[in-house]
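Beneath this line is the structure, given in structure tokens, with notes to follow.
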Amino acid sequence: MSTRAQQLLDWYDRERRDLPWRMAPGKKADPYKVWMSEIMLQQTTVATVKSYYRDFLQKWPTVQDLAGADLDEVLHAWQGLGYYARARNLHKCASVVTREYNGRFPEEEKRLLELPGIGPYTAAAIASIAFGAKATPVDGNVERVVSRLFQVEEKMPKAKKQLAELASTLTPEKRAGDFAQAMMDLGATVCSPKKAACGICPWMEGCEARLKAEPTDYPKKEAKKPKPTRKAYVFWLTRKDGAVLLRRRPEKGLLGGMMEIPSSEWSEADITKQEALRHSPASALLKELEGGVRHTFTHFHLELTVLSGRVNGNPPVNGVWVLPEDLKDHALPTLMKKVSKHALTTG
DNA sequence: AATTCGTGGGA
DNA sequence: TTCCCAAGAAT
């Protein structure tokens, strides 16, 4: 094994973090748990994932249990975690593994890659961590560490291919899973985005960014585009019994499959209240609530104005009437929780 | 190949 | 307040 790999593994054996999905040293990993944690950790912090991970495993201890659940139940459990396509693919993947693989995840990276929600990173992570294969998962941490170690000048995301190749040259034949987790721990704790604790880094000696430049200047990045702001009116419609109207969003796209408070189209162009009213699911005398709801997604800001009113009788609508105390039983994304809270406290 | 996908915490 | 960005994948 190369000195470099050994240095990092030694560091990992001393400093490794105790995480819920991380098995004791030398102990065999449960592929289902590795998979679950890796899907949840996609673009999501360790701190945020922990409680969801525990809840999911308690609720669905095996992949067969998860496959047997209703998608809506999975989306409900996933609410607040974001990137809801992950939940839809999680459920789909559980079905495929249960049905086509008899409940056992395939061991080969190539076959893992064919499963829903599993891309290059996750396939390599499962292959190495759960099955001990020599694979190199490349996440943001690995890209950052490698870009500094070799002082890669190419900007992201163009540098991704080069960084992945460099990373794979580092991976040892044995303990590839530990090595991968060590790289990620290193990036998360020592070689972090805004500060590099080079003094305690196991790789300080050969790090080119430390020797010849400023480590935190890497990886180099292209300038980001500004986020546009979209606006809309949301309709907080209540029935005589106090129930509020919810409806399900389309399966694909933003917040796909989740429940929502009905609204006009989210548009960058200004819309008048009168124009928006034509999109109300039911007629009612609507009053504009003070304040509003602001929310920021990955690529745009959203400003919502809440229109609140009571409908007459029980009009036919595309949706479901839900009592405020029962909102918790539905798969509401954080944005919609903000809206309901605003309406319930302001209205 | 560039966009589209959430959310919360920290600087 | 605003910006950054976190164990990426799908299209």
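Quick note on labels: first sequence line is chain A, next is B, and so on, each numbered from 1.
The listed nucleotides are B/dT7, B/dG6, C/dA7; the one nearest the side chain of A/Asp139 is C/dA7. Comparing C/dA7, B/dT3, C/dC5 by their closest approach to the side chain of A/Lys225 singles out B/dT3. The A/Thr45 side chain lies nearest to C/dA6 when the options are B/dC5, C/dA6, C/dA7. Of the candidates B/dG6, C/dA7, C/dA9, the closest approach to any side-chain atom of A/Trp21 belongs to C/dA7.
Judged by closest nucleotide on DNA chain C, A/Ala188 is the one of A/Lys252 and A/Ala188 placed further toward the 5' end. Nearer to the 5' terminus of DNA chain B, by closest-nucleotide assignment, is the contact made by A/Lys338 (compared with the other of A/Lys195 and A/Lys338).
For DNA chain B, no neighbouring residue in residues 108-121 of chain A is found when judged by any heavy atom under 4.0 Å.
Between A/Tyr84 and the phosphate of B/dT7, there is a side-chain N or O to OP1/OP2 separation shorter than 4.0 Å.
Although no hydrogens or angles enter the test, the distance criterion places a donor-acceptor pair under 3.5 Å between the side chain of A/Ser95 and the main chain of A/His91.
Between B/dT4 and C/dA7, the two P atoms lie 24 Å apart (nearest whole Å). One P atom belongs to B/dG8, the other to C/dA9, and the distance between them is 22 Å to the nearest Å.
Of all heavy-atom pairs spanning A/Pro31 and A/Ala130, the tightest one is CA-CB, 3.9 Å. Smallest separation of non-hydrogen atoms from A/Leu255 and A/Tyr84: CD2-CE1, 3.6 Å.
Within the nucleic acid shown, A/Ser37 has no heavy atom closer than 4.0 Å to any nucleic acid atom. Within 4.0 Å (heavy atoms only), A/Gly253 reaches sugar-phosphate atoms of the nucleic acid but no base atom. Note on A/Lys221: only backbone sugar-phosphate atoms sit closer than 4.0 angstrom, heavy atoms only; bases stay farther off. Counting non-hydrogen atoms under 4.0 angstrom, A/Pro157 reaches nothing in the nucleic acid. Using a 4.0 Å heavy-atom distance criterion, A/Ile129 is classed as making no nucleic acid contact. No engagement by A/Arg88 is indicated, since no non-hydrogen atom pair under 4.0 Å with the nucleic acid exists. Within the nucleic acid shown, A/Gly80 comes within 4.0 Å of sugar-phosphate atoms alone, with no base atom in reach, counting heavy atoms only. Note on A/Arg144: only backbone sugar-phosphate atoms sit closer than 4.0 angstrom, heavy atoms only; bases stay farther off. A/Thr334 comes within 4.0 angstrom of the backbone, heavy atoms only, and of no base.
Note on A/Arg22 versus A/Asp185: salt bridge recorded, some NZ/NE/NH1/NH2 to OD/OE distance being below 4.0 Å.
Under 3.5 Å, the side chain of A/Thr298 and the base of B/dG6 form at least one donor-acceptor pair of N or O atoms. Donor-acceptor pairing under 3.5 Å, judged by distance alone, is absent between the side chain of A/Thr44 and the base of B/dG8.
C/dA7 atom C1' lies 14 Å from atom NZ of A/Lys50, rounded to whole Å.
In this view, A/Glu15 satisfies the salt bridge (Lys or Arg N to Asp or Glu O under 4.0 Å) rule with no residue, not counting sequence neighbours.
The side-chain hydrogen bond (donor to acceptor under 3.5 Å, both in side chains) pairs that include a residue from residues 225-238 of chain A are A/Lys231-A/Asp270, where partners are two or more places apart or lie in different chains.
In this pair, A/His295 and A/Phe297 present their aromatic rings perpendicular. The plane angle is above 60°, beyond the 30 to 60° band.
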